[in-house]
K.L.:
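Dropping the structure in here first, questions after.
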Amino acid sequence: MSATAAGWLQFGVLVLALAAVHKPLGDYLARVFTTPKHWRVEKLVYRAVGVDADSEQRWPTYLRSVLAFSAVGVLLLYLLQRVQSLLPLSDGMPAVEPTSAWNTAVSFVTNTNWQGYSGESTMGNLVQMAGLAVQNFVSAAVGIAVAIALVRGFARTATDRLGNFWVDLTRTVARVLLPISVVGALILVLGGVVQNLSAGTDAHTLAGVTQFLPGGPVASQEVIKELGTNGGGFFNANSAHPFEGPTAWVSLFQIFLLLLIPFALPRTFGRMVGDKRQGFAILGVMAALATVSAGLLSWFQARSGGTALQLAGAAAEGQEVRFGGPLSALFADATTLTSTGAVNAMHDSFTPLGGGVAMVNMMLGEVAPGGVGSGLYGMLVLAVITVFVAGLMVGRTPEYLGKRLGRREMTLSSLYILTTPALVLIGTGIAMALPEGRGSMLNTGPHGLSEVLYAFTSAANNNGSAFAGLSANTPFYNVALGLAMAFGRFLPIVFVLALAGRLGAQGRRPATAGTFPTHRPLFVGLLSAVVLVVVGLTYFPALSLGPLAEGLHP
Amino acid sequence: MSAPVYLTGRQLVAGVRAMLVATLVLGLLYPLLIIGVAQVIAPGRADGSLVHTGGQVVGSSLIGQGFVDSAGTPLSQYFQSRPSAANYDGKASGGSNLGPNSPDLAQQIEQRRAAIAAFNGVPPADVPADAVTASASGLDPGISPAYAAIQVGRVAAERGVPAATVTALLQQATVGRDLGFIGAPYVNVLQLNQSLDQHLP
């Protein structure tokens with residue numbers, strides 16, 4: 001079988017698997033967030049946390065819960081890293097340096113999982129499982145909770161209540177993330193992913209040297225790293241490391257895991273607003289953008305642009321032989337379309353335009369399908385913008401799902417879509433203006449700029465993948481990217497929850513002959529165009545100095 | 001105390017308690033449960049698929065090794081792994097991260113191609129891409145069947161056996177695509193070199 005045919009089959013099987021599970025999983029998720037019944041074990045959690053699970057919150061309280069929980073997460077993870085050397089199971093690892101510990105704490109709490117450090121030489125087993133892996137679960141749950149709160153804003157009428165954050169958080173973990181993770185972790189173990197408490201083994205190789213073979217609770221962390229669209233690798237090489245991604249089928253299974261929940265959530269949205277066609281339209285936009293992106297990235301990779309890669313004969317630099325080109329391209333596309341950022345190949349060595357597509361995937365705001373929860377709320381904000389644009393064209397007051405989109409709603413939506421581009425472009429600009437920023441580039445010319453642009457794009461969009469040649473474990477990048485991650489995560493959440501509050505408080509206007517239907521192909525096309533034009537064009541000047549300049553080089 | 005400050009304080013207390021519960025359940029009980037089950041259903045794989053020779057750990061079937069002497073010169077009795085940005089050090093996984101137009105990378109590729117062609121006595125045009133490029137992990141256990149093929153003659157000559165004998169062992173160490181279509185075919189270099197030592201010492 002040719003590599004191309006294998007590539008198509010891998011893509012086809014992935015699409016079929018996602019198509020098969022998105023409905024049942026989406027329906028299940030809708031039930032999880034609408035049933036009034038608590039599980040017994042959940043009631044124990046509510047008692048331990050000290051909250052009344054049956055009282056719902058207004059949007060400011062919901063927001064305060066999100067922010068308080070996340071602030072505690074940053075603080076705890078920071079402390080764990082700083083006192084690592086005093087804790088058991090730390091395998092002799094010293095305390096993490098303060099700016100790196102801050103960066104990593106923010107990174108994992110914001111679901112970014114940008115990694116300035118190298119896992120196998122920085123983090124002991126205790127910090128990995130009791131610190132990093134815990135944030136993998138709860139940061140994913142926070143994203144889903146916020147998305148569900150926004151959906152409730154659309155679904156409900158004339159109420160100031162958006163649900164209870166602590167209930168949404170607990171249910172997401174207990175009913176969705178943990179059960180899938182238990183099964184998924186064991187599948188990974190069967191595939192060869194390690195799972196133990198060992199600090200590592202020394203092997204005596206055939207060539208007569210000593211080789212260190214790391215150990216650790218990898219599988220239990222690996223599964224939620226994909227399922228929660230986190231992406232922080234146990235090891236520096238992430239899913240390319242043979243103990244994280246031992247075989248090609250494991251790598252394909254990881255791609256499936258990281259797309260699983262983001263592609264199911266539109267169905268949940270449709271269910272909860274009582275019109276499955278609305279969810280289907282959103283899913284259609286996500287699927288169309290993802291397919292085009294996967295096709296482009298794979299094609300650019302197969303053409304091996306770049307003088308060095310052409311000299312080698314294929315884009316094999318930074319790729320594993322067992323995965324091959326097509327699976328590496330598919331993984332890179334899926335990880336940047338979601339907010340995962342795990343990698344099974346090194347993006348920095350990708351072809352100029354192939355790496356450029358990965359960057360554009362993130363710049364579009366990670367909405368096709370995006371991170372768990374964040375992808376859905378991002379796409380719904382863009383849907384609001386789309387309806388507004390359509391309303392301007394025909395001169396009618398815009399409405400989406402019977403909710404009137406007035407000045408305040410549009411202000412919040414506009415602030416949402418302006419936040420990340422501002423962080424990315426201002427951040428990149430500052431870095432390029434300072435010697436501390438420029439000094440970290442490994443490559444020169446346009447590719448050097450691409451490394452910095454990629455870093456801020458990845459951080460502000462909470463992706464976490466990197467053009468890893470950039471030496472990012474410096475005080476400047478640790479602090480700057482930490483700020484980009486924090487603002488890139490929580491400012492949009494503020495706007496989304498405020499929008500949810502406004503929408504939920506409204507009544508519902510009946511659809512009339514003049515209402516723009518938001519479940520038809522016309523809307524799907526218009527929303528896709530808005531994603532590409534409104535968001536994509538913002539970055540065009542920066543892209544033309546980086547990947548485009550490099551890729552169109554004669 | 002103003003209402004928002006009081007409310008935020010209450011949320012912070014709930015946040016601390018929730019994070020402690022999460023750390024206990026997700027950070028300790030869950031990974032320990034998976035370790036327990038993994039050690040029962042697949043202890044060898046959970047411990048890193050270690051390979052033993054005479055009671056000694058010689059490596060992991062998943063992790064590549066360098067087959068070079070202490071000066072870095074390739075050992076001609078062994079099939080050679082890919083170039084590694086980590087030098088096959090298990091504490092330093094990672095790739096070179098050199099860009100597609102990097103002059104450094106281009107120079108490395110030229111040098112590797114010339115060295116590999118000379119070492120194996122084949123024309124430079126026969127040296128495949130994976131032989132001249134560093135992997136993503138720096139620990140790639142595999143090489144392409146094409147890279148293995150150009151090494152057969154050299155290894156057979158060094159061990160004083162017909163090429164067909166080496167080719168037979170090579171085929172045993174060749175792994176096809178998973179399920180016939182996932183990933184790419186590769187040769188497990190450690191497994192191959194180990195069987196060479198065992199059958200053709």
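Every chain is numbered from 1 and lettered A, B, ... according to where its sequence line falls, protein lines coming before strand lines.
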K.L.:
When the ring planes of A:His347 and A:Phe350 are compared, do they come out parallel, tilted or perpendicular, using 30° and 60° as the limits?
P.N.:
tilted
K.L.:
So what's closer than 4.5 Å to chain B heavy atoms on A:Glu244: side chain, backbone, both or neither?
P.N.:
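Contact with chain B: none, neither part.
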K.L.:
Let's test your reading of the structure: which of B:Gly138, B:Ser135, B:Ser102 forms the most heavy-atom pairs below 4.5 Å with chain A?
P.N.:
B:Ser135
K.L.:
Is there a donor-acceptor contact under 3.5 Å from the side chain of A:Glu317 to the main chain of B:Ala134?
P.N.:
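Yes; at least one donor-acceptor contact below 3.5 Å.
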K.L.:
Below 4.5 Å from any heavy atom of chain B, which atoms of A:Gln211 appear? Answer side chain, backbone, both or neither.
P.N.:
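Only the side chain of A:Gln211 comes within 4.5 Å of chain B.
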K.L.:
Does the side chain of B:Gln191 pick up a donor-acceptor pair with the side chain of B:Ser61 at under 3.5 Å?
P.N.:
no
K.L.:
Shorter than 4.5 Å, heavy atoms on both sides: which option in B:Arg82, B:Gln194, B:His52 has the most such pairs with chain A?
P.N.:
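Highest number of pairs under 4.5 Å: B:Arg82.
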K.L.:
Could you tell me which portion of B:Asp140 (side chain, backbone, both or neither) has an atom closer than 4.5 angstrom to a non-hydrogen atom of chain A?
P.N.:
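Backbone plus side chain of B:Asp140, per the 4.5 Å heavy-atom cut-off to chain A.
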K.L.:
Examine distances only and state if a side-chain atom of B:Arg45 and a backbone atom of A:Val189 form a donor-acceptor pair shorter than 3.5 Å.
P.N.:
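A pair under 3.5 Å: no.
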K.L.:
Do you know which of B:Asp47, B:Ile109, B:Ile63 has the most heavy-atom pairs with chain A at a distance under 4.5 angstrom?
P.N.:
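Most heavy-atom pairs under 4.5 Å with chain A: B:Ile63.
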K.L.:
Can you find a side-chain donor-acceptor pair between B:Arg154 and B:Ser76 that sits under 3.5 Å?
P.N.:
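Short answer, no.
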K.L.:
Side chain from CB out, backbone as N, CA, C, O: work out which of these in A:Leu197 comes under 4.5 Å of a heavy atom of chain B, or both, or neither.
P.N.:
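Both parts, backbone and side chain.
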K.L.:
Side chain, backbone, both or neither: which part of A:Thr210 has a heavy atom under 4.5 Å from chain B?
P.N.:
neither
K.L.:
With a 3.5 Å distance limit and no angle check, can you tell me whether A:Asp348 reaches the backbone of B:Gly99 through a side-chain donor-acceptor pair?
P.N.:
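Here the side-chain-to-backbone pair does not exist.
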K.L.:
Is the centre of the A:Phe467 ring less than 6.0 Å from the centre of the A:His447 ring?
P.N.:
yes
K.L.:
Any idea which of A:Asn238, A:Leu309, A:Thr205, A:Thr247 has the most non-hydrogen atom pairs under 4.5 angstrom with chain B?
P.N.:
A:Thr205
K.L.:
Which residue out of A:Gly313, A:Gly324, A:Ser349, A:Gly119 racks up the most heavy-atom pairs below 4.5 Å with chain B?
P.N.:
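Most pairs with chain B among the choices: A:Ser349.
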K.L.:
Relative to chain B, which of A:Ser181, A:Gly305, A:Ser121 shows the most heavy atom pairs under 4.5 Å?
P.N.:
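Top count of heavy-atom pairs under 4.5 Å with chain B: A:Ser181.
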K.L.:
Need one label for B:Pro83: side chain, backbone, both or neither, based on atoms under 4.5 Å from any heavy atom in chain A.
P.N.:
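Neither part.
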K.L.:
Does one side chain, of B:Ser144 or B:Asp130, offer a donor that lies under 3.5 Å from an acceptor on the other?
P.N.:
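Short answer, yes.
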K.L.:
So how far is it from B:Leu26 CG to A:Gln135 CD, rounded to the nearest 0.5 Å?
P.N.:
10.0 Å
K.L.:
Under 3.5 Å, side chain of B:Arg113 to main-chain N/O of B:Val132, donor-acceptor pair present?
P.N.:
no
K.L.:
I'd like to know which of A:Leu252, A:Leu9, A:Leu327 tops the heavy-atom pair count under 4.5 Å against chain B.
P.N.:
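Top count of heavy-atom pairs under 4.5 Å with chain B: A:Leu9.
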K.L.:
Is A:Val173 in contact with chain B via its backbone, its side chain, both, or neither, using a 4.5 Å heavy-atom distance?
P.N.:
side chain
K.L.:
Angle class for the B:Tyr30/A:Phe137 ring planes (parallel below 30°, perpendicular above 60°, tilted otherwise)?
P.N.:
perpendicular
K.L.:
What part of A:Leu76 gets within 4.5 angstrom of chain B, counting heavy atoms only: side chain, backbone, both, or neither?
P.N.:
side chain
K.L.:
Is B:Val21 close to chain A through its backbone or its side chain, or both, or neither, when contacts mean heavy atoms under 4.5 Å?
P.N.:
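For B:Val21, side-chain heavy atoms alone lie under 4.5 Å from chain A.
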K.L.:
Quick check against the 3.5 Å criterion: does B:Asp126 have a side-chain atom that pairs as donor or acceptor with the backbone of B:Val122?
P.N.:
no
K.L.:
By a 4.5 Å heavy-atom criterion (distance strictly below it), what part of A:Ala133 contacts chain B: side chain, backbone, both, or neither?
P.N.:
neither
K.L.:
Hey, does the side chain of B:Gln80 reach the backbone of B:Leu75 with a donor-acceptor pair shorter than 3.5 angstrom?
P.N.:
yes
K.L.:
Among A:Gln310, A:His241, A:Arg322, which has the most heavy-atom pairs under 4.5 Å with chain B?
P.N.:
A:Arg322
K.L.:
For A:Val13, is it the side chain, the backbone, both, or neither that has a heavy atom closer than 4.5 Å to a heavy atom of chain B?
P.N.:
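Just the side chain, heavy atoms under 4.5 Å.
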K.L.:
Counting distance only, does the side-chain N/O of A:Glu320 pair as donor-acceptor with the main-chain N or O of A:Ala345 below 3.5 Å?
P.N.:
no
K.L.:
What part of A:Asn196 gets closer than 4.5 Å to chain B, counting heavy atoms only: side chain, backbone, both or neither?
P.N.:
both
K.L.:
Can you say whether B:Leu179 sits under 4.5 Å from chain A via the side chain, the backbone, both, or neither, judging by heavy atoms?
P.N.:
neither
K.L.:
Between A:Asn344 and A:Gln319, does any side-chain donor sit less than 3.5 Å from a side-chain acceptor?
P.N.:
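No, no side-chain donor-acceptor contact under 3.5 Å.
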K.L.:
Are the side chain of A:Asn236 and the backbone of B:Gly95 linked by a donor-acceptor contact shorter than 3.5 Å?
P.N.:
no
K.L.:
What part of A:Pro326 gets closer than 4.5 Å to chain B, counting heavy atoms only: side chain, backbone, both or neither?
P.N.:
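Contact with chain B involves no heavy atom of A:Pro326 at all.
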K.L.:
For chain A, which candidate among B:Lys91, B:Gln108, B:Gln39, B:Gln56 shows the most heavy-atom pairs at distances under 4.5 Å?
P.N.:
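Top count of heavy-atom pairs under 4.5 Å with chain A: B:Lys91.
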K.L.:
Less than 4.5 Å to any heavy atom of chain B: does that hold for the side chain of A:Val209, its backbone, both, or neither?
P.N.:
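Neither part; nothing is under 4.5 Å.
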K.L.:
Name the region of A:Asn136, side chain, backbone, both or neither, that has any atom closer than 4.5 Å to a heavy atom of chain B.
P.N.:
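Neither part.
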K.L.:
Heavy atoms only, distances under 4.5 angstrom: which of B:Gly44, B:Gly64, B:Gly66, B:Ser60 has the most pairs with chain A? Name it, please.
P.N.:
B:Ser60
K.L.:
Once the angle between the rings of A:Phe243 and A:Phe235 is folded into 0 to 90°, is it parallel (under 30°), tilted (30 to 60°) or perpendicular (over 60°)?
P.N.:
tilted
K.L.:
What part of B:Leu139 gets within 4.5 angstrom of chain A, counting heavy atoms only: side chain, backbone, both, or neither?
P.N.:
both
K.L.:
So which residue, B:Ala129, B:Gly183, B:Ser93, ends up with the most heavy-atom pairs under 4.5 Å with chain A?
P.N.:
B:Ser93
K.L.:
What part of B:Leu98 gets closer than 4.5 Å to chain A, counting heavy atoms only: side chain, backbone, both or neither?
P.N.:
both
K.L.:
Taking side chain as everything from C-beta outward and backbone as N, CA, C, O, which of these in B:Val68 sits under 4.5 Å from a heavy atom of chain A? Side chain, backbone, both or neither.
P.N.:
backbone
K.L.:
Quick one: do the A:Gln10 and A:Trp249 side chains pair a donor with an acceptor below 3.5 Å?
P.N.:
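Not at all, the side chains of A:Gln10 and A:Trp249 share no donor-acceptor pair under 3.5 Å.
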K.L.:
Given that the side chain runs from C-beta out, which part of B:Asp178 has a heavy atom under 4.5 Å from chain A: side chain, backbone, both or neither?
P.N.:
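The side chain, not the backbone.
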K.L.:
Chain B: which of A:Pro60, A:Gly215, A:Gly191, A:Pro242 shares the most heavy-atom pairs with it under 4.5 Å?
P.N.:
A:Pro242
K.L.:
Donor-acceptor pair, A:Ser70 side chain versus A:Leu67 backbone, under 3.5 Å?
P.N.:
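No; judged by distance alone, with no hydrogens or angles, the pair does not exist.
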K.L.:
Please flag which part of A:Leu206 lies under 4.5 Å from any non-hydrogen atom of chain B: side chain, backbone, both or neither.
P.N.:
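For A:Leu206, backbone and side chain are both near chain B.
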K.L.:
Quick test of your reading of the model: are B:Arg159 and B:Asp197 salt-bridged, counting only N-O distances below 4.0 Å?
P.N.:
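Result for this pair is yes, salt bridge flagged.
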K.L.:
Which atoms of B:Leu24 are under 4.5 Å from chain A, going by heavy atoms: the side chain, the backbone, both sets, or neither?
P.N.:
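Answer is neither: B:Leu24 stays 4.5 Å or more from chain A.
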K.L.:
Sort B:Ala131 into side chain, backbone, both or neither according to what part of it lies under 4.5 angstrom from a heavy atom of chain A.
P.N.:
neither
K.L.:
In terms of heavy-atom proximity below 4.5 Å to chain B, should A:Val223 be classed as side chain, backbone, both, or neither?
P.N.:
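For A:Val223, the contact with chain B is made by the side chain alone.
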K.L.:
Check each atom of B:Tyr147 against the heavy atoms of chain A and say whether the ones under 4.5 Å are side chain, backbone, both or neither.
P.N.:
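Contact with chain A involves no heavy atom of B:Tyr147 at all.
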K.L.:
Is a donor on one side and an acceptor on the other found under 3.5 Å between the side chain of A:Gln128 and the backbone of A:Phe234?
P.N.:
yes
